[in-house]
Asker: 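This is the structure I have questions about; it appears just below.
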Amino acid sequence: MRRGAPLDVLIVGAGFAGLYMLHKARRRGLSALALEAAAGVGGTWYFNRYPGARVDIQSMEYSFGFDEALQQDWRWTERYAAQPELRAYAEHVADRFGLRDGIRLGTRVAGAAWEEARRRWTVRAEGGETWEARFLVMASGPLSSPNTPVFPGLEGFDGPVYHTARWPEEAVDFGGRRVGLIGTGSSGVQAITAIAPQCAELTVFQRTPAWAVPAHNGPLDPAFEARIKADYAGFRARNRQMQGGFGSELPPNPVSALEAGAAEREAKFEERWRTGGFSFLGAFRDILLDERANALAAEFVRGKIRSIVRDPETARRLQPRYAIGCKRLCVDTGYYATYNRPNVGLVDVAESPIERITGKGLVAGGREYAFDALVLATGFDAMTGTLTRLDLRGRGGRAMRDKWAAGPLNYLGLLIEGFPNLFNVAGPGSTSAFTNVMVAIEHHVDWIADCIAFLDRAGKRTIEATEAAEAAWVEHVLAVAKRTVYLTCNSWYLGANIPGKPRVFMPLFGFPAYAAKCAEVAARGYEGCALA
Ligand code: N01
C-alpha cells in the first residue's frame, strides 16, 4: 500500500539524528516523515537500556545546541546522564518541537529503491507499506545493528539470554541468580559494574581486556551548570574547535609525553585520572598519535589496575597489551574494583575460547561454567551493518551490500555514488565515532538541509558523489588514521569485530578539519558531486 503524496524527505530512525532532521526539514518548509522501528523515540537510548547504561561524554555537552531555549530549560541531574534521563530528553525534544505527528513508531524499514525515471526513493516498511520521497536520510545510527556472534548451542540454553543493545523494557531481576556475561567493551564494562551487586554470582568471559578510566560521575555541579548556561553558545563553539567536538574546558596538554620528565608525566597522568573521562587521553598531545607516548599512558593505567585489583592473576588478565584509546576508551564507575567482589569471576576466553553454549552454561577451554542467565555485551556490526542489512537499492537496482562488499565507499561520509539523494548521518567516512555524536549529528543535519536548499534554489533534482571523489575520500580517511595509533589493534572502527567483514578503517579523526572540508565542498557548489 502506498502512503499519500510524495514527501520531500523520508528519514530512517527517530533517535537524536532523526529527531533533529525532522525538525530542521520542517523548519525549512519541507514535508518530512521519520520511520522508527522502536516503540519510542531515542534510538540508541531507547534500545540500550541495560543496567548501568550511561553516556560517557558529559551531559552538558552531550545535548542539542541548536535551540537556545532548549539548552537553557533542560536540566541534567548528573555529570554523565544515565539512559533513562537521556531517553526522557529525547521524548522532551519530540514534544517540545511538536515532532510526534511526523514520526511513525513501530515501523521497521525493510528496504528502499531509487526510481530513476521519477527521481524518487520508494521506501518500504516490513509489512509492505511504502512511501515516496525526493530525499532519503539514513539517521539509523552507526551503532544500531547488534552483533550476536555465532556460539554453537546458544538456542539450547535453558535460561534467558539478553543482548545489551536489545534489553527488555520490563525490569530484569538478577537477584539470587548466577549470570554469565560475554564481552568487555563499553557496554560490558558498564553492565558488569551494575549487575555484579544485583546477582548471586557473575562470571565474565573476556576476550580482550578493556582500557577504562574513571568517570567520577556525580550530581551535576549547579555552579558549573550556571557558568556554562551563561554562555552556552560560546561553550558549544569552543567545543566544535576540539578534535572530538567536546572537552574545551580541559583541552589537551600541548606537551609531548616523550619530552616530559618522569615526575611531570606521572603528575599529569594522575591529574587527568582524577579529573576523569576522555580528558585522560589529552594528558599529552601525542597519546593517540605516537606509540611510544601511548605506551607511557598505557603503563600508567596498568599500574592503576594493579593497585585496584587485589588478586594478582585477575589483575594480570585485566591489563590490556594494546594501545590505550585504540579501541574506544571505556569510562567507568568502579569497573576494575568490581573484580574484588567475592561473587565476580573473570575467565579469559582469548586463552581458552568459548567452544559452545550448553543448557546450563558454556564450555571454554574444555571446562564448563554454569549460570542461570546469559548477557551478551558483544557490540555491533558498526557503521555499515544497518545499511547493508537493509535491502537498499540505488541506481540500476544496485544493492548497498554489493557496493560496500569491500568496504564502505562514500564521500564526506554523507554521500554515496550510485545512491542519488541519499544522505547518511554519522556513518563511515565521517567523524561520528570519534566525536561527541551530538555535535556530529547537528553538523550533518545542517549540512544536509543546506544542500537540499541549494539544489532547490539551483533547480537541480539530484545529487550524488562521483566515483573519483569517493576513492579520494576513502584514501584520505585512511591516511589520517595512519597518523594515529588507531590501526595498531583490532576494533570495530576497522570492522575487525565481525568475522568476514572487510577491514577498512571507517571513521575519520578530527572534527574541525572535517567540518571545514564539508563547508568548502558546499561553498564550491558541491565539488566532488554530480548534480542533475
Ligand atoms: O561493543 P564492543 P560495546 N567471543 O564491540 C566481545 C558505544 N557505547 O557494545 O574486543 C568473545 O566495544 C569483544 O571482544 P573483542 C561505544 O562507542 C558507548 O561494548 O572483539 N567475546 C568485546 O569485548 C562503544 O565502543 C557507551 O576481542 C566477544 C565485546 O564483546 C560501542 O558503543 C556505552 C565475541 C564487544 O565490545 C560498542 O560498545 C556502550 C566472541 N565471539 C556502548 N564477539 C557509552 O556511552 C565479541 N566479543 C558509555
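Both counts, for ligands and for their atoms, begin at 1 and track the order of listing. Below, each value reflects all heavy atoms present in this structure, side chains not excepted, and no hydrogens, waters or symmetry copies.
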Asker: Do Tyr514 and Phe509 have ring centroids that are under 6.0 Å from one another?
Answerer: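 Not close enough - the centres of the two rings lie 6.0 Å or further apart.
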Asker: Closest non-hydrogen protein atom to atom 27 (O) of ligand 1, residue and atom name please, with distance?
Answerer: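 Protein heavy atom at minimum distance: Thr208 OG1, 2.5 Å.
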Asker: For the residue pair Phe511 and Phe434, is the inter-centroid distance of their aromatic rings smaller than 6.0 Å?
Answerer: no
Asker: Side chains of Ser63 and Gln71 only: does a donor on one sit below 3.5 Å from an acceptor on the other?
Answerer: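 On atom types as modelled, these side chains do not qualify, holding no pair under 3.5 Å.
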Asker: What atoms of ligand 1 come within less than 4.0 Å of a heavy atom belonging to Gln190?
Answerer: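 Reading through ligand 1 atom by atom, the close ones are 33 (C), 48 (C).
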Asker: Would you indicate which of Gly183, Ala81, Ser432 comes nearest to atom 6 (C) of ligand 1 when only heavy atoms are counted?
Answerer: Gly183
Asker: What's the shortest distance from atom 7 (C) of ligand 1 to any protein heavy atom, and which residue and atom give it?
Answerer: Leu143 CD1, 3.7 Å
Asker: Tell me the protein heavy atom at minimum distance from atom 37 (C) of ligand 1, and give that distance in Å.
Answerer: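 Nearest protein contact, heavy atoms only, for atom 37 (C) of ligand 1 is Trp492 NE1, 3.6 Å.
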Asker: Any heavy atom of Tyr322 closer to ligand 1 than 4.0 angstrom?
Answerer: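 No, Tyr322 has no heavy atoms under 4.0 Å from ligand 1.
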Asker: Decide if the gap between the ring center of Tyr162 and the ring center of Trp167 is smaller than 6.0 angstrom.
Answerer: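 Here the rings of Trp167 and Tyr162 have centres that are less than 6.0 Å from each other.
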Asker: Quick one: are the ring centres of Trp473 and His476 less than 6.0 Å apart?
Answerer: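 They qualify: ring centres under 6.0 Å apart.
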Asker: Test your reading of the structure: does Lys327 have an N or O sitting under 3.5 Å from an N or O of ligand 1?
Answerer: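 Between Lys327 and ligand 1 (N or O atoms, distance only) the closest approach is under 3.5 Å.
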Asker: In terms of residue, atom name and distance, what is the protein heavy atom nearest to atom 23 (O) of ligand 1?
Answerer: Thr184 N, 2.9 Å
Asker: Below 4.0 angstrom, N of the basic side chain to O of the carboxylate: do Glu61 and Arg240 qualify?
Answerer: no
Asker: Just go through His163, Arg54, Arg207, Arg328 and tell me whose heavy atom is the nearest to atom 28 (C) of ligand 1.
Answerer: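 Among His163, Arg54, Arg207, Arg328, the closest heavy atom to atom 28 (C) of ligand 1 belongs to Arg207.
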Asker: Indicate yes or no for a side-chain donor-acceptor contact from Arg177 to the backbone of Cys199 under 3.5 Å, with no hydrogens or angles considered.
Answerer: no
Asker: Taking the side chain as C-beta and beyond, is there a heavy-atom pair between Arg87 and Arg49 under 4.5 Å?
Answerer: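 Yes, side chains in contact.
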Asker: Examine the proximity of ligand 1 to Tyr62 and report which part, side chain or backbone, both or neither, has a heavy atom under 4.0 Å away.
Answerer: neither
Asker: Check contact between Thr164 and ligand 1, using heavy atoms of the residue and a distance below 4.0 angstrom.
Answerer: no
Asker: Counting heavy atoms only, which of Ala53, Gly185, Ser187 is nearest atom 3 (P) of ligand 1?
Answerer: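 The nearest heavy atom belongs to Ser187.
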Asker: Could you check whether any heavy atom of Gln206 sits closer than 4.0 Å to an atom of ligand 1, since that is the contact criterion I want to use?
Answerer: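 The answer is no, since Gln206 has no heavy atom less than 4.0 Å from ligand 1.
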Asker: Under 3.5 Å, side chain of Arg178 to main-chain N/O of Leu202, donor-acceptor pair present?
Answerer: no
Asker: Please determine whether any non-hydrogen atom of Phe205 lies less than 4.0 Å from an atom of ligand 1.
Answerer: no
Asker: Determine, using heavy atoms of Val331 and all atoms of ligand 1, whether some pair is separated by less than 4.0 Å.
Answerer: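 So Val331 does not count as touching ligand 1.
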Asker: Closest non-hydrogen protein atom to atom 11 (C) of ligand 1, residue and atom name please, with distance?
Answerer: Ile182 CG2, 3.7 Å
Asker: For this output row, return yes or no: ring centroids of Trp492 and Phe380 closer than 6.0 angstrom.
Answerer: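 Not close enough - the centres of the two rings lie 6.0 Å or further apart.
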Asker: Determine, considering heavy atoms only, which of Cys330, Gly188, Gly379 sits nearest to atom 1 (O) of ligand 1.
Answerer: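 Ranked by closest heavy atom to atom 1 (O) of ligand 1, first place is Gly379.
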Asker: How close does the nearest protein non-hydrogen atom get to atom 29 (C) of ligand 1, and which residue and atom is it?
Answerer: Ala377 O, 3.3 Å
Asker: Atom 18 (C) of ligand 1: which protein heavy atom is closest, and how many Å away?
Answerer: Ser186 CB, 3.9 Å
Asker: Which bit of Val55 gets closer than 4.0 Å to ligand 1, counting heavy atoms only: side chain, backbone, both or neither?
Answerer: backbone
Asker: Would Gln190 and Tyr50 count as having a side-chain donor-acceptor pair, cut-off 3.5 Å?
Answerer: yes
Asker: Checking contacts here: is it the side chain or the backbone of Ala496 that comes within 4.0 Å of ligand 1, counting heavy atoms only? Could be both or neither.
Answerer: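 It is neither; nothing of Ala496 touches ligand 1.
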Asker: What protein heavy atom lies closest to atom 33 (C) of ligand 1? Include the residue and the distance to one decimal.
Answerer: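 Going by distance alone, atom 33 (C) of ligand 1 is nearest to Tyr50 OH, 3.3 Å.
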Asker: Check each of Arg207, Arg316, Arg317 against Glu351 using the salt bridge (charged side-chain N to carboxylate O under 4.0 Å, His left out) test, and report the only one that passes.
Answerer: Arg316
Asker: Sub-3.5 Å donor-acceptor pair from the side chain of Tyr335 to the main-chain atoms of Gly188, do we have one?
Answerer: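 Flag not set: sc Tyr335 to bb Gly188 has no pair under 3.5 Å.
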Asker: In ligand 1, which numbered atoms sit nearer than 4.0 Å to a non-hydrogen atom of Pro149?
Answerer: 34 (C), 41 (N), 43 (N)
Asker: Could you check, using the six-membered ring where one of them is a Trp, whether Phe157 and Phe371 have ring centers closer than 6.0 angstrom?
Answerer: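 When the ring centroids of Phe157 and Phe371 are compared, they turn out to be within the sub-6.0 Å range.
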